[in-house]
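None of the values given here were measured: they were computed from a predicted structure.
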Amino acid sequence: MRLLKWFVIFFVTAAFANPEQDQLLFRQHYQKLFPKLKLQDYADGIYAIDADARESWQIIEEFPPYELAIEAGEKWFNEPFANGKHYSDCLPNKGIAISHLYPKWDESQGKVITLALALNQCLEKNGEKPLPYQKGKIAEILAYLAYTSRDKLINIKIPDTDPRALKAYQQGKQYYYQRRGQLNFSCAICHVQNAGKFIRSERLSPSLGHTSNWPTYRLKWGEIGTLHRRFIGCHRQIRAKIPEPQSDELRNLEYFLSYMGNGIPINGPSIRK
Amino acid sequence: MRLFLLLSFFGLASCVTKTPPSEHKIPMPGKQLAFTRSKGNCLACHVIEDGESPGNFGPPLKAIQKKFKSKQQLRQQIWNATQFNPNTSMPPFGRNKILTEQEIDKVVDYIWQLP
């Protein structure tokens with residue numbers, strides 16, 4: 001039975017090994033569900049499909065609670081390390097307006113590099129301590145960097161010069177469709193199969209555009225948090241084993257989801273319930 | 001008589017000391033098991049009677065006896081819905097031990113009699 005399951009997963013992934021094909025099918029599904037939406041509308045998550053939620057969001061946006069995080073992030077970002085170097089020395093274009101290009105496949109390291117991981121690698125390279133990944137300083141720096149990237153279109157590449165890139169993408173995809181946890185859910189059951197429906201009083205957003213609005217100020221958190229913190233929250237809801245933020249699993253998952261969202265504008269930092 | 005009194009005293013006493021007045025120590029009736037978030041949470045996906053803010057993944061639960069031939073069949077749907085529909089979103093309450101066997105029996109009794 002277990003073997004059968006693996007065969008099925010193997011053939012399904014093999015049959016649609018082409019990420020472009022995946023992307024097409026993924027979008028066609030949402031087009032059928034929400035025929036009025038244009039691609040860029042998906043940057044707004046649940047607000048793209050729920051008029052009431054959208055209205056209260058627009059009121060909060062008049063005095064956005066993430067503004068302080070952007071300011072703090074800019075300050076941290078420009079503060080020199082003990083050796084006099086800066087984050088900007090580690091990043092393309094000095095870190096400005098690059099959020100839409102992450103995560104990136106890094107051939108020399110043989111893994112997916114998210115912007116959060118790039119920041120921590122920069123710290124370590126310069127003899128500084130890495131930052132915790134879910135909230136606080138790193139979320140603030142990412143908020144500032146996302147702010148400088150607003151309206152840039154997500155543009156994720158899976159280079160065919162390195163077969164390991166495609167493999168990482170496929171692992172992310174498999175993780176997304178795999179059932180897990182005591183409640184036996186996959187990400188897709190909630191955010192593909194049942195997007196737009198209600199689970200109790202909570203309406204489910206489409207996964208298309210899920211990586212555009214980060215980091216996000218969640219009213220529930222009362223602060224700004226990272227995408228991987230949200231991933232972990234969804235694991236908790238289904239009583240699944242909690243993965244580490246920035247683990248291979250979650251970086252590959254982010255790679256897959258971001259690729260699905262190519263062409264959608266970055267509008268982080270943002271606000272969610 | 002004296003023995004009876006003595007026993008019931010100890011019975012009571014052990015109730016007081018061993019069982020704190022927390023909810024989950026007192027067995028829940030079927031309806032409560034079906035509604036409570038940390039238990040069945042069937043309302044997450046189904047409209048049921050007067051249950052508040054139900055979701056809509058699944059059909060409203062009513063007139064179940066028109067759909068299921070027996071309580072046993074209903075029990076199987078709740079124990080592991082994936083055996084009837086491999087793509088279902090409904091959690092396998094028995095197989096994954098989300099509810100105990102006794103709790104499932106109570107939920108079945110409750111759902112079975114819904115008009």
Side-chain angles (χ1 to χ4, degrees), chain A residues 1-13 16 25-26 29 32-34 46 49-50 52-53 56 174 176-207 220 233-241 273, chain B residues 23-24 28 30-62 75-104 107 110-111 114:
Chain A
M1 194 56 208
R2 220 186 147 78
L3 198 67
L4 181 69
K5 197 166 101 188
W6 284 109
F7 269 124
V8 171
I9 288 167
F10 176 77
F11 282 117
V12 169
T13 358
F16 303 104
L25 293 174
F26 201 74
H29 171 80
K32 262 188 240 134
L33 281 182
F34 313 111
I46 194 67
I49 60 171
D50 190 305
D52 289 344
S56 32
Q174 209 234 297
Y176 184 82
Y177 288 99
Q178 178 78 58
R179 285 181 188 258
R180 57 173 46 79
Q182 192 185 28
L183 301 187
N184 201 39
F185 281 98
S186 65
C187 314
I189 286 181
C190 284
H191 293 291
V192 176
Q193 203 175 309
N194 290 293
K197 288 201 186 171
F198 287 85
I199 189 155
R200 207 105 188 198
S201 53
E202 204 66 47
R203 196 159 191 191
L204 290 161
S205 58
S207 266
K220 184 183 159 197
C234 282
H235 281 75
R236 210 164 265 136
Q237 292 184 67
I238 58 173
R239 303 181 198 159
K241 185 171 158 270
K273 205 167 76 179
Chain B
E23 270 176 61
H24 53 270
M28 288 184 189
K31 180 173 179 175
Q32 202 185 342
L33 285 165
F35 283 21
T36 302
R37 278 170 205 265
S38 58
K39 289 291 183 178
N41 199 13
C42 315
L43 284 175
C45 301
H46 297 282
V47 169
I48 313 172
E49 289 192 311
D50 58 344
E52 267 175 38
S53 51
N56 62 354
F57 278 33
L61 297 183
K62 57 180 186 201
R75 196 180 196 282
Q76 283 176 351
Q77 167 74 23
I78 299 170
W79 201 85
N80 178 14
T82 64
Q83 60 191 316
F84 304 112
N85 171 12
N87 296 322
T88 189
S89 54
M90 179 156 156
F93 289 93
R95 192 196 73 190
N96 282 15
K97 298 188 166 53
I98 301 163
L99 297 173
T100 66
E101 299 297 326
Q102 295 88 318
E103 287 172 336
I104 290 178
V107 170
Y110 166 64
I111 301 289
L114 288 173

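The shortest heavy-atom contact between B:Lys97 and A:Gln182 is O-NE2, 3.1 Å. Closest non-hydrogen pair, A:Arg179 versus B:Asn87, comes out as NH2-C, 3.4 Å. Between A:Phe198 and B:Asn56, the shortest heavy-atom distance links the atoms N-OD1, 2.7 Å.
For B:Arg95, the part lying under 4.5 angstrom from a heavy atom of chain A is the side chain only.
Summarising the geometry, atom CG belonging to A:Asn184 is positioned 7.5 Å from atom CD1 belonging to B:Ile98; distances are rounded to the nearest 0.5 Å. Put simply, OG1 on B:Thr88 and CD on A:Gln193 are 7.5 Å apart, with the number rounded to the nearest 0.5 Å.
Contact tally against chain B (heavy-atom pairs below 4.5 Å) for A:Ile189, A:Leu204, A:Asn194, A:Leu183: the top residue is A:Asn194.
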Problem set entry | side-chain contact (heavy atoms from CB on, under 4.5 Å) between A:Arg239 and B:Asn96, worked out | CA-CA 11 Å; A:Arg239 303 181 198 159; B:Asn96 282 15; over 6 Å; no

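Heavy atoms of other residues, nucleotides or ligands lying less than 6.0 angstrom from CD of B:Glu101 number more than 12.
Taking the side chain as every heavy atom from C-beta outward, A:Phe185 and B:Pro91 approach each other to under 4.5 Å.
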